[in-house]
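The structure under discussion appears below in the form of structure tokens.
Labels below follow one simple rule: chain letters A, B, ... track the order of the sequence lines, proteins then strands, and each chain is numbered from 1.
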Number of protein chains: 2
Amino acid sequence: MSDATQTARAGKAIRDLIISGVVLPGERLAEVQLADRLNMSRTPVRSALNTLSHEGLVESLPGRGYAVASFAADDLRHAVELRGLLEGTAARQAAERGAAIFEVDQLNRVLQDIDALFQDQTTWKDHVHEYVDLNEEFHRLLIESAQNPVLARLYEQLIKLPFASPSDLVVGYWHLPGSFGKFTAAQHQHWAIVESIAAGRGTRAEFLGREHAEITTKALGEMLRSGALSRDLMATATRRSGPAARG
Amino acid sequence: MSDATQTARAGKAIRDLIISGVVLPGERLAEVQLADRLNMSRTPVRSALNTLSHEGLVESLPGRGYAVASFAADDLRHAVELRGLLEGTAARQAAERGAAIFEVDQLNRVLQDIDALFQDQTTWKDHVHEYVDLNEEFHRLLIESAQNPVLARLYEQLIKLPFASPSDLVVGYWHLPGSFGKFTAAQHQHWAIVESIAAGRGTRAEFLGREHAEITTKALGEMLRSGALSRDLMATATRRSGPAARG
DNA sequence: TCAGTTCGGAATGTATACACAGGGATTTGG
DNA sequence: CCAAATCCCTGTGTATACATTCCGAACTGA
């Protein structure tokens, strides 16, 4: 049940502390305190904090350790838009290079499984977890289809940010009213993206990828208005390293 | 003359070892060996290796340390293309939000300084170093003009890859025949990008940013054919973690 | 009362010692 | 002679002790 190394365990634990809101944005993360809480030495904690700082969940202070990173609502919107940009680029490159048949088949198979979940509007919410997995699998295959390791690496770094990954947004959104319509619309776009890739229509594939992010942005806006994210993220979101323009 | 911390010193030293080709792609990086060579303990070396693995210069092996990352020619091309994508996006967002006058002025001022360097085709090579600085400053201002911290972060992570940053490519290319024409063409695009931002023409700004990367890709191709990069990068470039598609 | 300085403590940066796992070389059996 | 298993050794993972720096608070002087 435990991870192989203490460092991995520390990373997961600290990430959970941040995501769950136990520690608030801006709050200092003292090594000894974390090591004590996690029953391990400072060494793996330090290593995990170093990793998390590169992933963007914590920020490294010059000479005095680390603090939980603050995210403004605009940051979340920007992250979603950039994810659409990268996914659109992946779709375009897959179309331009001529994706192999088995790759398109893989994508189609995932979409068929999602369609099956959506057939019954009254019971689909019992299968949200399956949808999360399938949706994540689709986006993973989409990035892979570009066969571009640099893009894949950039994508991985982007979706490490909270609520930038496909799964995070689905988990936070599915229970809101009207979510079924958004999900079915998104699924329609999924089909169109794969169709574009299979047909070699790179430009259409790219812009569908971007448009797909627009739905996500709308959903994110509803989540923010509904207050689902406000407590954790908006509390200290006003402060960020940006220029002090309007002192 | 030395950095503040041993960790920073270790990071710089190991990066230099990789860039200068003292250690070859694929080669293992043993902590004790590095600590011995740099006259420090394993702790800061380990921390630096962790950082470098997130930057992409070294790859972390499951349970046995680190190795120098391998870059294929395609990886370099992909990195340049993605840089164009991000710079184009930054330009579009700057145009769409309506960049402030002083920001456009800053960009124009840098371009005027570059123009001054290019006035005399016979002596411009004496000022390559100044051009490198100004070019880097322009691209930095361009990214800043989007006022998008997430995009800026992604860009920073991308240009940490070898030969993905504007400066790296200029330094490797300026001495090749015909470089003057490429640089003046690139400068023409710089002016057009700023003009588009000032005029609020987001679409034109974005595609100019992408097209700007095409010149860079061409220059990269010439560098690869000229053998300037072959020794360091191409030697072990064939091997990469990708799928074993063509046995 | 306020400003400057100095002292103290707490947390990070670094070094070293120990435990453990993985791999390669050697040896043994067929 | 080849294959497989075992042993040893190199190197990473972790813990802990020490050094150092940075911030804050208290004290002193004007």
Side-chain angles (χ1 to χ4, degrees), chain A residues 1-18 22-70 236 239 241, chain B residues 1-18 22-70 236 239 241:
Chain A
M1 79 197 302
S2 56
D3 293 322
T5 68
Q6 293 282 71
T7 300
R9 222 183 333 255
K12 241 187 153 16
I14 298 172
R15 167 180 259 98
D16 286 346
L17 287 177
I18 295 172
V22 175
V23 290
L24 296 176
E27 197 171 331
R28 285 280 304 277
L29 288 170
E31 296 174 5
V32 284
Q33 162 196 338
L34 286 171
D36 178 53
R37 182 198 282 256
L38 303 177
N39 282 97
M40 58 181 70
S41 83
R42 278 177 57 206
T43 308
V45 170
R46 195 178 174 74
S47 179
L49 285 172
N50 188 356
T51 293
L52 289 171
S53 77
H54 288 286
E55 295 180 354
L57 262 81
V58 311
E59 57 183 343
S60 128
L61 306 176
R64 15 200 244 104
Y66 301 88
V68 180
S70 306
T236 56
R239 146 175 43 95
S241 60
Chain B
M1 77 198 304
S2 57
D3 293 322
T5 68
Q6 294 283 71
T7 300
R9 221 182 335 254
K12 239 184 155 17
I14 298 173
R15 167 178 262 101
D16 286 346
L17 288 177
I18 295 173
V22 176
V23 291
L24 296 176
E27 198 170 330
R28 285 280 305 276
L29 290 170
E31 296 174 5
V32 284
Q33 163 195 339
L34 285 171
D36 178 54
R37 183 199 280 257
L38 304 177
N39 282 96
M40 58 181 68
S41 82
R42 277 177 57 204
T43 307
V45 170
R46 193 176 175 75
S47 179
L49 285 172
N50 188 356
T51 294
L52 289 171
S53 77
H54 288 287
E55 294 180 355
L57 263 79
V58 311
E59 56 182 344
S60 129
L61 306 177
R64 26 201 236 98
Y66 301 89
V68 181
S70 306
T236 56
R239 147 175 42 94
S241 60

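The CD-C1' distance, from Q6(B) to dG13(C), rounds to 9 Å in whole Å. dA11(C) atom P lies 15 Å from atom CZ of R37(A), rounded to whole Å. Distance, M40(B) CE to dT16(C) C1': 16 Å, rounded to whole Å. One interatomic measurement links the two molecules: CG of N50(A) to C1' of dT14(C), which rounds to 15 Å at whole-angstrom precision. Rounded to an integer number of Å, the gap from CZ of R46(B) to P of dA15(C) is 15 Å. The nearest whole Å value for the distance from the CG atom in N39(A) to the C1' atom in dT14(D) is 15 Å. With rounding to whole Å, D36(A) atom CG is found 11 Å from dA11(C) atom P. Taking atom OH of Y66(B) as the reference point, atom P of dT10(D) lies 22 Å away to the nearest angstrom.
Nearest-nucleotide positions on DNA chain D for R42(A) and E31(B) put E31(B) closer to the 5' end.
R64(A) contributes no side-chain N or O that forms a donor-acceptor pair with the base of dG13(C) under 3.5 Å.
In the set dA11(C), dT14(C), dG11(D), the nucleotide with an atom closest to the side chain of T5(B) is dT14(C). You'll find that the side chain of S41(A) is closest to dT16(D), out of dA15(C), dG11(D), dT16(D). Listed candidates were dT14(C), dT12(C), dT14(D). Nearest to the side chain of T43(B) is dT14(C).
Between the R28(B) side chain and the R64(B) main chain, a donor and an acceptor come within less than 3.5 Å of each other.
Side-chain contact between L38(A) and I14(A) is present, with at least one heavy-atom pair separated by less than 4.5 Å. When side chains are defined from C-beta on, L34(B) counts as touching L49(B), because their heavy atoms get closer than 4.5 Å. You'll find the side chain of T7(A) stays beyond 4.5 Å of the side chain of T51(A), heavy atoms only.
Within the 4.0 Å cut-off from OP1 or OP2 of dA10(C), not a single side-chain nitrogen or oxygen of Q33(A) is found. Listed pair T7(B) / dT14(C) meets the phosphate criterion, a side-chain N or O lying under 4.0 Å from OP1 or OP2.
Using a 4.0 Å heavy-atom criterion, one finds that L29(B) contacts the sugar-phosphate atoms exclusively. Using a 4.0 Å heavy-atom distance criterion, L61(B) is classed as making no nucleic acid contact.
A side chain to side chain contact (heavy atoms under 4.5 Å, CB included) with V68(A) holds for exactly one of L17(A), L52(A), V22(A), V23(A); it is V23(A).
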